[in-house]
Every structure is written in C-alpha cells, then in structure tokens.
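Take a look at the structure set out below.
In this text, all values refer to a predicted model and were calculated from it rather than measured experimentally.
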Amino acid sequence: MAGVFDALAADRGRIERASAVQRVAEVLREHITEGRLAPGTRLSEEALGEALAVSRNTLREAFRLLADQRLVVHELNRGVFVKALNPQDVADIYTLRLALETAGVRALHSAAPERLAAVRTALARAEAAEALGDWVAVGTADLHYHQAVAGLAGSPRIDEAMANLLAELRLAFAAVPSAHALHEPFLRRNQTLAGLLESGEIDDAEVELTRYLDDARAVIVRAMAESRP
C-alpha cells in the first residue's frame, strides 16, 4: 500500500493547482452573483491575473470551469466574456427554479427552524437594502431569499443546485434595465410568500410561488425582446 500512497503524493502539486483554479472560479462566480460583473463584460487575462495575483494558466482553467457552469463564453480572437442569456436560457433556469423551490415549500412542516430563519433573514436584508435605495443589493438579497426557500427541503443536493443557479439568475436579472422596476414588485410578493410560509399554508404558498416565478420569467423575457435592435 505504501507504493500507492507514494504515487498519490507525487500528484500533490496537481491538487494545489486545482485548488487555486477552484478558488479563482469561486471569486469570479461570486462577483457575477453580486452583480459586479455584468453580462458582456470582457474578462481580460492580463487585468484579472494582476488583480488576483494568479497565472494565465490558472485563469484559463478557471474560465473552463465557469464555461461548464454556463457563466462565461469564449469568443474566437476576442477573448472570454460574461455570458449574456437568451430567452431559452431564462425559461430553462426558471423551470429548474420552480422544481427546487417547490420542493422547499412542500417540505415546510418538516423544515429545521434555522432553515425557516434563513428565509426571514434574507427578506430582512432585502427590506433593509430597499430602505437605502440600493436595488442591486435588493436583488442579491432576493437571490438568497429564494435560495433559503429551496433550502427548506433540507437537501444538500438541492442546496448545491440552487447555489450553482444564483449567478445565472443574476445574469437573467441584468436583462431588465431598471433594478428598481424589477425588484420592487417582487419584494412585495416575497413578503406575501413569507407570510404564507410563516402561517404554514403550504398549498397557497406553492400557488403563489408558481405565479411569482411565471411572472418573473415573463418580465425578463419581455425586457429581452424589447432590447433587441
């Protein structure tokens, strides 16, 4: 057995490098989720390498991870860009959202108290950001609110799937020119949904969630259509 572990030890450098690639990908994904890297932003290897103090090879491998997650695209002779979604992307994203979040709502009565508390906390953050007039931050809180709704299921796989979806959702939000116009009506509906969850009205909460997601998808797709030349 010693020989087997000796062979693994020889690959230590590969693991360290992979860890750096993963960390870079996580940082870039977080900046996309927070709305700091908008669709169409060119990800310059030179600028990012200097900012993150990493090699071009590390960046390129991180870009490949992000491309697998549908967050960036490589354009021949132009470079790597944050992905701009199309209506088909949005429809697919919202189909997955509905499945994940509905699973959370249906598990409400068996949800751990801290899971329901996470819904309240995210909603409170959205309300605090609204009071400051920071609608980008309201959008970020909205993402975490719906992540918490899905999290009521208590499923690590659902948690992971929803976490992976957040950055794509932010790219979808970017299709609407005004963050205020997008998020204000849906913040009110998040408050309504939270009230239904607090009172244990699962059936009504599921109906509200389904309508909410259908309406949100339609708003985004309509904005995409209106922005076409």
(request) Look at the side-chain heavy atoms of Ile, Leu, Val, Met, Phe, Trp and Tyr, link any pair under 4.5 Å apart, and say whether Leu65 and Phe63 land in one connected group. (result) no

(request) Look at the side chain of Arg170 and the backbone N and O of Thr33, then say whether any donor-acceptor pair between them is shorter than 3.5 Å. (result) yes

(message) Testing the basics here: between Asp159 and Gly151, what is the closest heavy-atom pair and its distance to 0.1 Å?
(response) OD1-CA, 3.5 Å

Using a 3.5 Å cut-off and no angle test, enumerate the donor-acceptor pairs between side-chain atoms of residues 203-223 and protein atoms at least two apart in sequence or in another chain.
residue, atom, partner, partner atom, Å
Glu206, OE1, Arg106, NE, 3.2
Glu206, OE2, Arg106, NE, 3.3
Glu206, OE2, Arg106, NH2, 2.7
Glu208, OE2, Arg189, NE, 3.3
Thr210, OG1, Glu206, O, 2.9
Tyr212, OH, Asp142, OD1, 3.0
Tyr212, OH, His146, NE2, 3.0
Tyr212, OH, Asn190, OD1, 3.0
Asp215, OD2, Arg189, NH1, 2.7
Asp215, OD2, Arg189, NH2, 3.2

(message) Determine whether a donor-acceptor pair (N or O, by modelled atom type, separation under 3.5 Å) exists between the side chain of Thr41 and the backbone of Leu37.
(response) no

(request) Identify the heavy atoms of Leu166 and Leu143 that sit nearest to each other, and give their distance. (result) CD2-O, 3.7 Å

(request) Quick one: list whatever passes side-chain contact (heavy atoms from CB on, under 4.5 Å) with His74, sequence neighbours left out. (result) Val80

(request) Establish whether Leu108 and Val105 are linked, either directly or via other cluster members, by ILVMFWY side-chain heavy-atom contacts under 4.5 Å. (result) yes

(message) For Val54, is there any backbone N or O sitting under 3.5 Å from a side-chain donor or acceptor partner on Thr58?
(response) no

(message) How close do Ala62 and Ala25 get, counting heavy atoms only, and between which atoms?
(response) CB-N, 4.0 Å

(message) Contact between Leu71 and Val82 at the side-chain level, heavy atoms closer than 4.5 Å - yes or no?
(response) no

(message) Could you check whether atom CZ of Arg157 has more than 12 heavy atoms from other residues, nucleotides or ligands sitting under 6.0 Å from it?
(response) no

(request) Check whether any side-chain N or O of Ser110 sits under 3.5 Å from a backbone N or O of Ala107 as a donor-acceptor pair, and report yes or no. (result) yes

(message) So which atom in His109 and which in Gly200 form the shortest heavy-atom distance, rounded to 0.1 Å?
(response) NE2-O, 3.2 Å

(request) Determine the minimum heavy-atom distance between Ala103 and Ala153, stating which atoms define it. (result) O-CB, 3.9 Å

(message) Arg70 vs Glu168, test: salt bridge (charged side-chain N to carboxylate O under 4.0 Å, His left out). Steps then yes/no.
(response) CA-CA 8 Å; Arg70 296 176 291 274; Glu168 282 195 279; 3.7 Å; yes

(message) Within the structure provided, determine whether Val149 and Tyr145 are in side-chain contact (heavy-atom separation under 4.5 Å).
(response) yes

(request) For Met224 and Leu85, work out which heavy atoms get closest and say how close. (result) CE-O, 3.4 Å

(request) State whether the number of non-hydrogen atoms from other residues, nucleotides or ligands found under 6.0 Å of Glu50 atom CD is greater than 12. (result) no

(message) I'd like to know whether Ser44 forms a side-chain hydrogen bond (donor to acceptor under 3.5 Å, both in side chains) with Glu46, so could you lay out the CA-CA distance, the side-chain angles of the two residues, the decisive distance to 0.1 Å, and finally the verdict.
(response) CA-CA 5 Å; Ser44 163; Glu46 183 177 359; 5.3 Å; no

(message) Keeping Arg42 on the side-chain end and Arg78 on the backbone end, is there a donor-acceptor pair under 3.5 Å?
(response) yes

(request) May I ask you to list the residues sharing a hydrophobic cluster with Val73, side-chain cutoff 4.5 Å, ordered by chain and number? (result) Phe81

(message) Applying a strict under-4.5 Å side-chain criterion to I, L, V, M, F, W and Y, I'd like to know whether Leu116 and Leu196 cluster together.
(response) no

(message) What verdict does the side-chain hydrogen bond (donor to acceptor under 3.5 Å, both in side chains) test give for His144 and Gln147, after you've listed the backbone C-alpha separation in whole Å, the side-chain angles of each residue and the deciding distance to 0.1 Å?
(response) CA-CA 5 Å; His144 293 296; Gln147 183 180 26; 3.1 Å; yes

